[in-house]
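Values reported hereafter were calculated over all heavy atoms of this structure, with side chains retained and with hydrogens, waters and symmetry mates removed. Along the sequence shown, residues are numbered consecutively beginning with 1.
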Amino acid sequence: MEIFGVYTNKIMGGAFRGYGAPQVTFARESQIDRIASELKIDPVEIRLKNCFTQGEIQPTGHKIPSVNIKDTIIRAKEMIGWGREERNKNRSLGIACGFTPCGGLATSCILRINQDGTVNVNSGAVDMGQGLKTVLTQIVAEELGIPIENILLISGDTDSTYFDVGVFSDRGTHTAGLAAKMAAMDAKRQIFEIASEELEANIDDLYLRNGKVFIKGSPEHFISISDLISRNIFRKGRPIIGKASINPDTPSVDINKVRGATSKLPSTYTFATTAVEVEVDRISGRIKVVKAFGVNDCGTVINPDGAEGQMDGGMAIGLGYGLFEEILMEDGQVLNPNFLEYRLPTALDMPDFSRATVENYDENGPFGAKGIGNSSVINMAPAIANAIYRATGIMIKELPITPEKILRCLQKNP
């Protein structure tokens, strides 16, 4: 594959969800189905034979910390009923799988435990609607053993929070979440140091639960965090402040093969598989996605509702990328400059969505968690293209897949 950067005077491009990965995934997954067809191998089986396994080394020299893409393929196959469908020349199934970088680069978090046992958390990471505030709060609550309602989180406020390089590459839960967990661990260490004196117990014998410090094996002996903090402040004049900063200084890849900013990216990868059922109208060229099933390997799922929302949103965006969205240009002018002509999928275009995750523990993430936002986007377009290929024998090589393109190809190859 050769890639060229070309300077033009057209409208500028910018980053979008999964940027770079959807394009590569479309090309690769379309090619895999063509290869499977030539070799007369089932598209699912060829992917199972060639998918990543735990501990593999990429060509960049980067070891994949955690991967469970095989189970995403198997689960998607089961959900769509692969091999059990009644094949016809107008409707068929398609499948695609892929991965996206996750995490890396710098972020910070600081938290303060107040006298009443509540916690103020400051993170530079930005919540843009993806539910990051909820996840960070959950992580801190879990680590400190306190109710989630006792945590006040401030994020993305440059006047009061510390540095975060940006919420991209699925860094929110994985990287900002790890900084929040590390800051909570720092605060917990300080709590145990004080509590060991108050309870006259070994630090290793202490644990936190429901806003109290307990001694293992002696549940009747405990002290509340609020009492502990108050005594510490009045006796020693010292608040408990936990802090953490992440800024990897060792390359994650072989620097003899990869150079530049990407040599510090990523800390892990997320994996996903999408299976779809597509119907093609051979008279009008219209494509209808009847069903779609997305399965993600996102490590440990911290917030199931948030994960489902990310997957639904990702598949909806992938549908728009695959079937609708296209900027039309003529003589340097945009012909569809508004959302009337620039077609986005609406609720009426959405197929019957179902989604699932496969459990996997990532050693670099908080409680084993990875991201899910980008990997949920990348497979929809190639899965649709592969379904069309299986139904009609037409392999569309340029997105979006429009009725006009289908009709042109059918006229050439009826």
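The residues Asp281 and Arg91 are annotated as not salt-bridged, no charged nitrogen and carboxylate oxygen being separated by less than 4.0 angstrom.
Checked by atom type and distance alone, the side chain of Lys216 pairs as donor or acceptor with a backbone atom of Asp204 at under 3.5 Å. Remark: side-chain polar atoms of Arg171 are paired, donor with acceptor, to backbone N or O of Gly104 under 3.5 angstrom. Judged purely by atom type and a 3.5 angstrom limit, Asn379 uses its side chain to pair as donor or acceptor with the backbone of Ala272.
Note that Lys181 lies in the cation-pi zone of Phe367, set by a 6.0 Å cut-off to the ring centre and a 45° limit from the axis. Annotation: cation-pi pair Arg34/Tyr389 absent, no NZ/CZ under 6.0 Å from the ring centroid and within 45° of its normal.
Side-chain contact between Phe324 and Pro400: absent, with no pair of heavy atoms (C-beta onward) separated by less than 4.5 Å. In this structure, the side chains of Asn296 and Ile372 come closer than 4.5 Å at one or more pairs of heavy atoms. Using a 4.5 Å heavy-atom cutoff, the side chains of Ile287 and Ile388 are in contact.
Between Lys63 atom NZ and Thr268 atom OG1 the span is 11.5 Å, to the nearest 0.5 Å.
When only modelled atom types and interatomic distance are considered, Ser155 and Ser123 share no side-chain donor-acceptor pair under 3.5 Å. Between the side chains of Tyr342 and Glu326, no donor-acceptor pair is found at a separation under 3.5 Å.
For Phe52, the ring-ring contact (aromatic ring centres under 6.0 Å, His included) criterion is met by Phe99, not counting sequence neighbours.
When each of Thr173, Thr270, Asp170, Asp297 is checked for a side chain to side chain donor-acceptor pair (under 3.5 Å) with Lys370, only Asp297 meets the rule.
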